[in-house]
Trainee: 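Before we start, here is the structure in question, set down as structure tokens.
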Amino acid sequence: MCLNELFKSIYTPSDYAMGFTEGRSVVSNANIHKGQNYVFNIDLKDFFPSIYRVRVRARLQAKPFSFREDIAIMIAGLCSMKVSSGHNDGSDYVLPQGSPTSPIITNMICDNLDRRLAGLAKRFGLRYSRYADDITFSSMHYVYKEQGEFRMELSRIITQQGFTINEAKTRLQKRGSRQEVTGIIISDKLNVTRKYVHEIRNLLYIWERHGYTAAMSVFWPKYKSEKGHVKKGNPELLNVLDGKLMYLKMVKGDADAVYRKLYDKFQLLAKQVTDSAKTTSQDVTYIETWPVMEFETKFGTTIEFVMPQHGVETVQTENDQASHRYALFYLAEKKTAASINRSIKDGELKKKNLLSISHCKDAVGKRFWLIHRSNKDIVPPPKPVDIDELNNELDSLLNM
């Protein structure tokens, strides 16, 4: 992080770099190409791993840094990671994806690329921008023939700069079809995809109709499959939805009817969760609670109590400082750990009307299910929602 701040204080990316730059974003990038007849996108293959340590070192010795060779070697080493390349040409250390310094270093390395591609764009009367490895040209006239002069010169420049075009992601988008730049639809005004809005709406619907826990159980597997390879830890649905709504606001504006409707619903639901959540003196937060029989009915499952013979974990609760025994229960065909307070006798396990089940998390964010004696702090069931009415109303706003 310190190196990243050092780089930012010395270096300013080119005017064509829209990513990882203060004051620029995917919205800035999309605005450049709004209203054009043709939008041509290419993607650079293996962008971060194709930038080697020796290349970073050489860039740090050039302006505006002008570091001594030993300093440049040291910093380049800190910003790179070892890979198994099988070569002795310096390609065994590359920029790691996810490192805080990698994005700004890619902009440094791409200064010459931006300068040459901007010159190419000017020569053919095009607009040009780059967001990380996503390169976009646009124009009112057609110059994008596959074996034409523009495409041939484009390929030559990118190869000379040490990169490779990902042919599978090369696309030409014409006016009249959906034109998209870095995930944003461009026409007379900028917009997000319907899929993006529907995902937010559906999670809010599940949250309102079935509770925060049910929405989290739908969100988490999808998030894990799509982003688990680059993002570690367990995300909080509340924070993810807040971030998605901030992005929607950035693209469509805070006065947009779709954004306002979704944001107001989110604020209402978030307040309910915050108001109902209770944190004990042992830093265990109760998110939602149901009587066991209501839980079984609500989620269409059966809780099966099984006493483990070994491997008992310990959790402290508000009313009992002792360790807990664990049971297993099945939810959505997945086996999940749940603790049972030692003060509950084995014979009471079958009396489900005496027990409640709470969705909890500890101080470090680890989630668990706690089986405990029933109490009065039961979250009231949400009012029913007409999903068809919800869909029709939001779709009509999207069409405006």
Trainee: Is the backbone N or O of I42 less than 3.5 Å from a side-chain atom of T170, with the two atoms forming a donor-acceptor pair by type?
Mentor: no
Trainee: Looking at R194 and E199, is there a salt bridge between them, counting it only when a charged N and a carboxylate O are closer than 4.0 Å?
Mentor: no
Trainee: Please confirm whether R55 makes a cation-pi placement over F163, using NZ or CZ under 6.0 Å from the six-membered ring centre and within 45° of the ring normal.
Mentor: yes
Trainee: Without swapping roles, check the side chain of Q161 against the backbone of N112 for a donor-acceptor pair under 3.5 Å.
Mentor: no
Trainee: Does F40 reach the side chain of V143, with side-chain heavy atoms less than 4.5 Å apart?
Mentor: no
Trainee: Just do the salt bridge (charged side-chain N to carboxylate O under 4.0 Å, His left out) check on K249 and D256 with the steps written out, would you?
Mentor: CA-CA 8 Å; K249 175 184 175 182; D256 179 77; over 6 Å; no
Trainee: Can you find a pair of side-chain heavy atoms, one from T164 and one from D46, that are under 4.5 Å apart?
Mentor: no
Trainee: Would you say that I357 contacts T289 through its side chain, given a criterion of any heavy-atom pair below 4.5 Å between the two side chains?
Mentor: no
Trainee: Any donor and acceptor pair, going by atom type alone, linking the side chain of E180 with main-chain N or O of I185 inside 3.5 Å?
Mentor: no
Trainee: Give a yes or no answer on whether the side chain of S155 reaches the backbone of R151 with a donor-acceptor pair at less than 3.5 Å.
Mentor: no
Trainee: Is any side-chain N of the basic residue among R59 and D111 closer than 4.0 Å to the acidic one's carboxylate O?
Mentor: yes
Trainee: Would you mind reporting whether V27 and I184 have side-chain heavy atoms less than 4.5 Å apart?
Mentor: yes
Trainee: Given N107 and R130, is the side-chain contact (heavy atoms from CB on, under 4.5 Å) satisfied, shown in steps?
Mentor: CA-CA 10 Å; N107 279 339; R130 179 183 57 82; 3.0 Å; yes
Trainee: For the residue pair L237 and A215, what are the closest heavy atoms and their distance?
Mentor: CD2-CB, 3.6 Å
Trainee: Could you verify whether a donor N or O on one side chain and an acceptor N or O on the other, from S139 and Q36, lie under 3.5 Å apart?
Mentor: no
Trainee: Taking the side chain as every heavy atom from C-beta outward, state whether L238 and W207 have any pair of such atoms under 4.5 Å apart.
Mentor: yes
Trainee: Would you please indicate yes or no on a ring centroid separation below 6.0 angstrom for F7 and Y11?
Mentor: no
Trainee: Under 6.0 Å between ring centres, would you say that holds for F137 and F150?
Mentor: yes
Trainee: Look at the rings of Y223 and F219 and say which category their plane angle falls in: under 30° parallel, 30 to 60° tilted, over 60° perpendicular.
Mentor: tilted
Trainee: Give a yes or no on whether the backbone of K45 and the side-chain of N166 come within a donor-acceptor separation of less than 3.5 Å.
Mentor: no
Trainee: Going through the checks in order, is the side-chain hydrogen bond (donor to acceptor under 3.5 Å, both in side chains) test met by D254 and Y263?
Mentor: CA-CA 10 Å; D254 58 1; Y263 180 74; over 6 Å; no
Trainee: Please determine whether a side-chain nitrogen of the Lys or Arg among R24 and E22 lies less than 4.0 Å from a carboxylate oxygen of the Asp or Glu.
Mentor: no
Trainee: Quick check: do L44 and I158 have side-chain heavy atoms less than 4.5 Å from each other?
Mentor: yes
Trainee: Do side-chain atoms of Y196 reach the backbone of K244 as a donor and acceptor pair under 3.5 angstrom?
Mentor: yes
Trainee: Looking at S217 and A214, would you say the former's side chain and the latter's main chain have a donor-acceptor pair under 3.5 Å?
Mentor: yes
Trainee: Between the side chain of R175 and the main-chain N/O of G35, is any donor-acceptor distance below 3.5 Å?
Mentor: yes
Trainee: For residues Q173 and N41, is any side-chain donor paired with an opposing acceptor at under 3.5 Å?
Mentor: yes
Trainee: For residues Q272 and L269, determine if any side-chain heavy atom of one lies less than 4.5 Å from a side-chain heavy atom of the other.
Mentor: yes
Trainee: Do S80 side-chain atoms and G77 backbone N/O form a donor-acceptor pair below 3.5 Å?
Mentor: no
Trainee: Have a look at Y131 and tell me which of V181, T182, T136, T21 forms a side-chain contact (heavy atoms from CB on, under 4.5 Å) with it.
Mentor: T182
Trainee: Please give me the minimum heavy-atom distance between T101 and L3, naming the atom from each residue.
Mentor: CG2-CB, 3.9 Å
Trainee: Could you tell me if the side chain of M18 sits less than 4.5 Å from the side chain of S25, heavy atoms only?
Mentor: no
